[in-house]
Trainee: 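Here it is, the structure, as structure tokens.
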Amino acid sequence: SGLDGKLIVGYQGWFGCPKDFEDNNAWQHWFVKDVRPEHLTVDLLPSVREIKPEDLCDTGLPSSDGQGTIKLFSSQNTNVVNTHFRWMREYGIDGAFVQRFFSGLRSASARQKSRTVLANALKASQTHGRAISVMYDLSGLRNQGEDCSVLIQDCIDKGRDYYDGGPRYNTTYIQCCGIGTITDSLSAIKTHIYEKRTISWDRLLRALAGNFAGEEALRLTLWNKTPF
């Protein structure tokens with residue numbers, strides 16, 4: 001499916017709390033240092049009323065209304081991510097771009113943590129019928145000694161390309177193929193009208209207007225004899 005008419009949000013999935021993944025002891029993206037109100041990194045606290053208490057992390061900070069303590073969530077938690085995608089369905093959001101940061105893919109442990117978030121999002125998107133795509137942030141790529149091969153590591157490990165089952169994930173995703181279609185069309189025009197001169201503009205335009213009715217030979221020529 002394409003993007004026309006779709007409402008797509010960004011989903012970074014970078015929130016964490018102590019003990020949510022292996023030896024993590026940090027409140028990732030919640031607090032810049034220790035757990036204090038002045039160290040919060042978010043402008044507003046999230047609503048967690050629809051998330052089960054056992055899926056939340058207790059900060060120990062008192063709530064402003066005096067009703068217990070402030071609870072936050074981790075993106076490593078499958079139930080939390082599922083709730084977020086359920087909200088997308090309920091409020092008419094068509095899908096999400098799950099952001100993956102290059103700096104979070106350097107080590108095996110960091111890659112596994114990032115994969116957990118993506119796996120949670122993929123599962124939730126399928127459960128709730130939401131479109132999903134991956135957005136890579138390469139701002140952490142070093143000027144020397146690094147390239148983007150880590151982004152397709154599974155293809156390299158398996159020795160299979162993208163269309164042959166190489167990627168780790170295969171699901172219903174957002175396809176943006178407009179640029180490729182334009183490029184193919186321009187190649188056909190360049191080859192057959194300007195280089196080989198076997199087709200005229202008038203004939204091509206008539207064929208396009210009639211959806212190639214009566215011009216099957218022309219359609220096959222464009223399809224099979226154009227260097228795409």
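Along the sequence shown, residues are numbered consecutively beginning with 1.
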Trainee: In the structure I gave you, are the side-chain heavy atoms of Met88 and Val9 within less than 4.5 Å of one another anywhere?
Mentor: yes
Trainee: Using side-chain heavy atoms (C-beta onward) and a distance below 4.5 Å, is Phe97 in contact with Ile132?
Mentor: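 With C-beta onward as the side chain, the pair stays apart.
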Trainee: So, does Ser74 use its side chain to make a donor-acceptor pair with the main chain of Gln76 at under 3.5 Å?
Mentor: yes
Trainee: Once you round to the nearest 0.5 Å, how far does CG of Asp94 lie from CG of Leu7?
Mentor: 6.0 Å
Trainee: Does Ser125 use its side chain to pair, donor to acceptor, with the backbone of Leu122 at less than 3.5 Å?
Mentor: yes
Trainee: Quick check: does any side chain N or O of Thr78 sit under 3.5 Å from a backbone N or O of Asn120, one acting as donor and the other as acceptor?
Mentor: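 No, Thr78 side chain to Asn120 backbone: no donor-acceptor pair under 3.5 Å.
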Trainee: Shared ILVMFWY cluster between Leu222 and Leu186, side chains joined below 4.5 angstrom?
Mentor: no
Trainee: Could you check Val117, Asp137, Val134 and say which one makes a side chain to side chain contact (heavy atoms under 4.5 Å, CB included) with Arg100?
Mentor: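 The side chain to side chain contact (heavy atoms under 4.5 Å, CB included) with Arg100 is passed solely by Val134 among Val117, Asp137, Val134.
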Trainee: Starting from Leu204, can I reach Ile182 by hopping between I/L/V/M/F/W/Y residues whose side chains sit under 4.5 Å apart?
Mentor: no
Trainee: If hydrophobic residues (ILVMFWY) are linked whenever their side-chain heavy atoms come closer than 4.5 Å, directly or via other members, who joins Trp14 in its cluster?
Mentor: Phe15, Trp27, Trp30, Phe31, Val35, Leu40, Val42, Leu45, Val48, Ile51, Leu56, Leu61, Ile70, Leu72, Phe73, Val80, Phe101
Trainee: Using side-chain heavy atoms (C-beta onward) and a distance below 4.5 Å, is Ile189 in contact with Trp201?
Mentor: yes
Trainee: I'd like to check Glu50 versus Arg86 (side-chain heavy atoms, cut-off strictly below 4.5 Å). Are they in contact?
Mentor: yes
Trainee: Going by the side chain to side chain donor-acceptor pair (under 3.5 Å) test, which pairs reach into residues 214-223, not counting sequence neighbours?
Mentor: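 The answer is Arg203-Glu215, Glu216-Arg219.
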Trainee: If you look at every heavy atom in His84 and Tyr11, which pair is closest and at what distance?
Mentor: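 Closest approach of His84 to Tyr11: ND1-OH, 2.7 Å.
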Trainee: Inspect the surroundings of CG in Asp65 and state if more than 12 heavy atoms from other residues, nucleotides or ligands are less than 6.0 Å away.
Mentor: yes
Trainee: Would you compute the distance between atom CZ of Arg206 and atom CG of Leu218 and round it to the nearest 0.5 angstrom?
Mentor: 10.0 Å
Trainee: Would Lys52 and Asn79 satisfy side-chain contact (heavy atoms from CB on, under 4.5 Å), going step by step from the backbone distance to the final call?
Mentor: CA-CA 9 Å; Lys52 295 180 180 179; Asn79 296 331; 5.8 Å; no
Trainee: Could you state whether Phe21 and Leu118 fall into the same hydrophobic cluster, counting links through intermediate Ile, Leu, Val, Met, Phe, Trp or Tyr residues with side-chain heavy atoms under 4.5 angstrom apart?
Mentor: no
Trainee: Could you check whether any side-chain heavy atom of Lys19 comes within less than 4.5 Å of a side-chain heavy atom of Asn25, counting everything from C-beta outward?
Mentor: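 Result yes, sub-4.5 Å side-chain heavy-atom pair found.
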Trainee: Without swapping roles, check the side chain of Asn211 against the backbone of Ala213 for a donor-acceptor pair under 3.5 Å.
Mentor: no
Trainee: Checking the side chain of Arg130 only, and the main-chain atoms of His128 only, is there a donor and an acceptor separated by less than 3.5 Å?
Mentor: yes
Trainee: Please report the interatomic distance CD(Gln112) to CD(Glu22), rounded to the nearest 0.5 Å.
Mentor: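 These two atoms lie 7.5 Å from each other.
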Trainee: Can you confirm whether Ser200 sits close enough to Ile193 that some side-chain heavy atom of one is under 4.5 Å from a side-chain heavy atom of the other?
Mentor: no
Trainee: Pairs in or reaching into residues 23-111: which pass disulfide (SG to SG under 2.5 Å), with residues at least two apart or in two chains?
Mentor: Cys17-Cys57
Trainee: His192 side chain to Thr198 main-chain N or O, any donor-acceptor pair under 3.5 Å?
Mentor: no
Trainee: Do Val81 and Tyr91 sit in one hydrophobic cluster, given that two such residues count as connected whenever their side-chain heavy atoms are within less than 4.5 Å of each other, even indirectly?
Mentor: no
